Amino acid sequence: MSSPPRRIGWSFEPDDSRLLRLLSYCSFGVLGGMWVFAVVVAASLFLRGPLPIRGLLAAGFLFAVFVWLTHLRPLFEADGRLSHLEPRWLFVASLFGGGAVSLTLGVGTVLGFLLLLGFIAVPAVLVSALQSTGDIDAEKRTMTYRGREVPLDGLSGVRRFRLGGLSLHWFSYAPGASNVTTPRFVVIPTDAAADAKRVFAAAVAAEPSDFERPNPAVRYALAAFGVFFLGFAAVLVVVMPGGEDAAVVETYALLVFGFVGVGFLGAAAVHG
């Protein structure tokens with residue numbers, strides 16, 4: 001078996017992948033579609049409404065243009081993470097997003113809210129999970145993944161899953177080798193995964209370094225916070241009043257506090 005090259009580097013970002021760009025347009029398109037829908041509604045009110053309403057809408061439109069030109073547009077242009085979004089395609093995606101927003105209004109308040117949230121969040125989560133930039137020094141057995149160090153000397157096992165042109169690696173670490181921020185799931189394009197596989201296999205086969213045992217109090221504290229937020233979410237279900245509007249607030253609160261609670265429990269599970 002040939003030895004891997006000394007350095008292994010890869011990049012799978014929206015600038016490199018049509019799939020990630022398409023998912024980005026799906027998410028930002030719905031956000032833009034909310035503005036498109038608001039403009040259509042405002043234009044309808046402007047054409048049909050009384051003079052005071054027209055004046056308020058005109059003032060609101062001018063204020064929105066001012067905020068866009070002076071604050072939002074420079075912010076988008078300065079953020080390199082959004083450089084892959086072309087204005088013309090973002091406008092087209094926003095038109096489709098406006099249709100998606102209008103569609104959610106006809107399926108019920110709670111279901112419409114969940115659909116709208118899903119249209120925005122699911123593509124964004126997929127982009128965040130799949131995008132990958134990393135570098136491996138095979139000789140020194142060091143690895144950087146999305147700006148974070150991966151302790152290859154504490155690697156105890158690797159599981160691999162094929163996702164089209166990507167390879168998902170699920171890392172296990174020796175006790176004390178990892179913390180909450182240590183990457184557990186690493187996505188590598190298949191052209192670099194073959195070389196990385198040999199580096200990972202050598203790291204697992206090597207004698208692990210001695211690591212300081214983690215403080216169990218940290219894990220207990222994280223677990224306690226997780227149980228608290230999940231319990232708080234459960235209490236909301238009991239004490240919230242009925243009604244369709246209250247159901248939307250209750251659903252949103254459950255999603256927020258439930259997500260935070262699960263996050264703390266997950267951090268407690270992987271700590272150390």
Side-chain angles (χ1 to χ4, degrees), residues 1-28 75-86 89-90 121-212 263 266-267 270-272:
M1 179 182 299
S2 61
S3 60
R6 184 182 183 278
R7 299 198 70 88
I8 306 168
W10 68 90
S11 175
F12 186 74
E13 299 289 331
D15 288 331
D16 310 310
S17 168
R18 292 181 181 178
L19 172 62
L20 295 185
R21 288 197 297 272
L22 177 61
L23 291 172
S24 297
Y25 283 121
C26 289
S27 184
F28 282 98
L75 182 64
F76 272 80
E77 292 177 347
D79 193 341
R81 295 172 298 178
L82 303 178
S83 60
H84 60 280
L85 297 176
E86 298 183 19
W89 292 117
L90 187 58
V122 172
V125 170
L126 288 175
V127 171
S128 178
L130 294 178
Q131 64 182 1
S132 168
T133 301
D135 180 80
I136 299 175
D137 190 320
E139 187 174 289
K140 297 181 179 179
R141 287 186 184 174
T142 59
M143 176 178 175
T144 303
Y145 181 70
R146 296 172 68 169
R148 291 182 290 175
E149 296 293 328
V150 178
L152 294 182
D153 55 343
L155 204 61
S156 62
V158 181
R159 302 175 191 174
R160 297 176 185 83
F161 305 92
R162 185 72 177 270
L163 300 174
L166 301 172
S167 181
L168 173 64
H169 299 73
W170 183 359
F171 288 169
S172 300
Y173 298 98
S178 64
N179 54 39
V180 175
T181 63
T182 303
R184 298 273 171 172
F185 297 94
V186 174
V187 176
I188 303 177
T190 52
D191 55 350
D195 294 328
K197 178 181 178 180
R198 296 196 289 270
V199 177
F200 298 153
V204 172
E207 189 70 22
S209 303
D210 292 329
F211 296 96
E212 182 180 354
V270 302
H271 179 69

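Keep in mind that this is a model prediction, so the values were computed, not measured.
- Taking the side chain to side chain donor-acceptor pair (under 3.5 Å) definition, one finds that S128 meets it with nothing, sequence neighbours left out.
- Residues satisfying the side chain to side chain contact (heavy atoms under 4.5 Å, CB included) criterion with A193, sequence neighbours excluded, are S167, H169, I188.
- A search for side chain to side chain donor-acceptor pair (under 3.5 Å) contacts involving T182 returns N179, not counting sequence neighbours.
- Partners of P123 under the side chain to side chain contact (heavy atoms under 4.5 Å, CB included) rule, at least two apart in sequence or in another chain, are L23, C26, S27.
- Annotation: side chain to side chain donor-acceptor pair (under 3.5 Å) contacts of T144 (sequence neighbours excluded): E149.
- When the side chain to side chain donor-acceptor pair (under 3.5 Å) test is applied to S132, the partners found at least two apart in sequence or on another chain are W10.
- Rounding to the nearest 0.5 Å places OH of Y145 at 14.5 Å from CZ of R184.
- With sequence neighbours excluded, the residues that form a ring pair (Phe, Tyr, Trp, His ring centres under 6.0 Å) with F185 are W170.
- The closest side-chain heavy-atom distance from Y173 to V150 is below 4.5 Å.
- Checked by atom type and distance alone, the side chain of S172 never pairs as donor or acceptor with a backbone atom of S156 at under 3.5 Å.
- In this view, F171 and F200 satisfy the ring pair (Phe, Tyr, Trp, His ring centres under 6.0 Å) rule, not counting sequence neighbours.
- Among residues two or more places apart in sequence or in another chain, the salt bridge (Lys or Arg N to Asp or Glu O under 4.0 Å) test is passed with D16 by none.
- In this structure, R162 contributes its side chain and G164 its backbone to a donor-acceptor pair below 3.5 Å.
- Within the model, atoms CD1 of I136 and CZ of R7 stand 10.0 Å from one another, a figure rounded to the nearest 0.5 Å.
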Intermediate values then yes/no, side-chain contact (heavy atoms from CB on, under 4.5 Å), T133 and F12: CA-CA 6 Å; T133 301; F12 186 74; over 6 Å; no

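- Classification of D153 and R141 as a salt-bridged pair fails, no side-chain N sitting under 4.0 Å from a carboxylate O.
- Nearest heavy atoms, L130 versus L166: CD2-CD1, 4.0 Å.
- Between V199 and M143 there is no side-chain heavy-atom pair separated by less than 4.5 Å.
- Between atom CD of residue Q131 and atom CG of residue D15 there is a gap of 10.0 Å, rounded to the nearest 0.5 Å.
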